[in-house]
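First the proteins, then the strands, lettered A, B, ... as listed; each starts at 1.
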Protein chains: 2
Amino acid sequence: MSFFQEQAVTSSDKTFFRLREEIVEGEIPAGVKLSEVELSTKYEVSRAVVREAINRLEACNIVERKANVGARVVTLTAEGLLELYQIREALEGMAARLAAQNMPETEIEKLSNLLDDQFELVKQGQSYYQEAGDLDFHYRIIVGSQNQQLITMLSNGIYHLARMYRVQLGMTGPRVTTAYDEHKHIVKAIANRDGELAEILMRRHIQYSKNNIAVKLSKM
Amino acid sequence: MSFFQEQAVTSSDKTFFRLREEIVEGEIPAGVKLSEVELSTKYEVSRAVVREAINRLEACNIVERKANVGARVVTLTAEGLLELYQIREALEGMAARLAAQNMPETEIEKLSNLLDDQFELVKQGQSYYQEAGDLDFHYRIIVGSQNQQLITMLSNGIYHLARMYRVQLGMTGPRVTTAYDEHKHIVKAIANRDGELAEILMRRHIQYSKNNIAVKLSKM
DNA sequence: GATTGGCAAATTGTCGACAATTTCATTATA
DNA sequence: TATAATGAAATTGTCGACAATTTGCCAATC
């Protein structure tokens with residue numbers, strides 16, 4: 001996630017970011033119990049800051065907590081993945097619709113150029129997509145919606161969870177083929193200020209990528 | 001909110017619920033600074049539990065926090081309301097679609113009966129809607145989606161914020177007229193297992209109620 | 001041998017104190 | 001007078017210790 005920089009100011013921030021990274025990237029596997037004392041010695045901070053970090057992770061749905069028992073890293077299930085993509089479909093569909101209304105011309109231009117650059121790589125036979133490129137595309141549209149609450153929701157919550165799934169299912173660097181064209185069409189709808197179409201295309205795009213993951217998941 | 005009972009087990013839970021109530025119901029007005037020491041003496045708990053409660057409120061978007069400065073109750077704006085209803089439209093639209101797929105017949109029956117009961121009140125000239133009835137309707141459909149993450153998102157986050165707006169704008173007990181018919185049609189679509197239509201109707205229903213609020217808001 | 005009861009160890013929840021940072025009034029300077 | 005520097009007061013951030021609860025083990029009982 002190199003686009004939207006969150007800057008850590010307090011010790012809790014750092015601990016939260018670090019813990020989230022380790023969990024999302026799979027260094028701390030699913031289902032593991034997060035012991036407050038253990039983590040506080042590991043990170044060399046007090047239990048209070050670890051506690052605060054864990055609370056924040058709970059709010060992001062990255063860990064589950066039971067009172068007086070403790071927190072565990074969520075175990076990802078096929079149903080959970082389905083649920084997550086249903087939410088993404090709704091929210092990112094709306095984001096695309098709003099982006100068609102609100103995204104400044106200059107930003108649409110930039111987004112279009114980004115895709116063109118990526119198309120060069122496709123022509124050269126390099127595989128489209130790098131995950132980073134895909135994330136960048138989605139993120140720009142979310143920001144283009146200019147709905148601050150939506151932006152926060154998606155970039156704080158949903159995206160880390162989605163990546164967690166991809167990492168744990170071993171599918172970093174997803175489907176290579178059709179995504180590029182889908183992105184192109186979405187941008188065109190946004191450029192035409194056709195919110196209705198932009199939403200439909202984005203929803204379909206997310207459905208496809210959900211199916212793509214679900215197929216791989218069923219082979220395991 | 002009498003439907004979905006959250007039960008407080010720890011002292012932090014109680015403080016969180018109490019604080020949220022006081023803020024949402026307007027006893028602690030918008031923009032007010034939440035002093036940790038002040039609240040800890042008021043509620044007779046330690047600063048740590050107040051801190052934890054405030055952190056949770058921040059995760060719900062009920063307060064805003066700046067590091068080393070403190071937390072303030074969010075000030076609701078017309079733009080914020082618009083943003084919130086855009087999100088509700090997306091998420092509850094999806095919930096209605098999923099409810100059409102997943103809601104058990106018995107639950108649909110109950111929901112339908114609920115509306116019939118409320119219709120009796122309408123016939124007797126009593127104003128439809130009590131806010132509670134409206135909330136109950138929406139909540140049942142959300143639960144009917146059987147998407148756990150969606151349920152959590154909407155009932156923890158969005159709904160309290162939405163109520164906060166209504167209270168602060170002095171519109172408890174909203175539009176009386178058309179909402180009943182809209183609810184009827186949505187339930188019918190769900191009963192017919194027509195997710196496509198259920199989503200469209202729910203989205204329109206939320207758009208109407210947004211407009212209804214926006215009008216009142218513009219008169220202030 | 002299986003089940004229940006209770007004790008000890010470990011873990012989370014809560015607390016008060018200290019450290020770091022911000023805020024605000026006061027003073028000094030241009 | 002306006003602006004900047006200074007320092008004290010207040011507030012948040014962090015810490016270690018104690019209290020409350022859960023967990024796991026061991027013995028007692030059937």
- Query: Residues from residues 51-72 of chain A sitting under 4.0 Å of DNA chain C, heavy atoms only?
  - Reply: R51(A), R65(A), A67(A), N68(A), V69(A), G70(A)
- Item | Distance test, side-chain N/O of S12(A) to OP1/OP2 of dT14(D), below 4.0 Å | yes
- Under 4.0 angstrom between S46(B) side-chain N/O and dT14(C) OP1 or OP2: no
- Exceeds 12 heavy-atom contacts within 6.0 angstrom, atom CD of E109(B): no
- Query: Checking side chain to side chain donor-acceptor pair (under 3.5 Å) for the pair N61(B)/H160(B): CA distance, chi angles, key distance, verdict?
  - Reply: CA-CA 10 Å; N61(B) 293 106; H160(B) 295 280; over 6 Å; no
- For R47(B) and dA17(C), give me the distance from atom CZ to atom C1', rounded to whole Å. 10 Å
- Task: Answer yes or no: is there an ion pair linking R97(B) with E89(A), defined by an N-O contact shorter than 4.0 Å?
- Result: no
- Message: Can you work out whether A48(A) or V37(B) has the more 5'-proximal nearest nucleotide on DNA chain D?
- Response: V37(B)
- Message: Under a 3.5 Å distance rule, please check whether Q149(B) uses its side chain to pair with a backbone N or O of G80(A) as donor and acceptor.
- Response: yes
- Message: I want to check one thing: is the phosphate of dT22(D), taken as OP1 and OP2, less than 4.0 Å away from some side-chain N or O of K33(A)?
- Response: no
- Message: Tell me if a side-chain donor or acceptor on T152(B) pairs with a main-chain N or O of Q148(B) at a distance below 3.5 Å.
- Response: yes
- Taking atom P of dT12(D) as reference, at what distance in whole Å does atom CG of L39(B) sit? 9 Å
- Message: Does K33(A), at its NZ atom, have more than 12 non-hydrogen atoms belonging to other residues, nucleotides or ligands within less than 6.0 Å?
- Response: yes
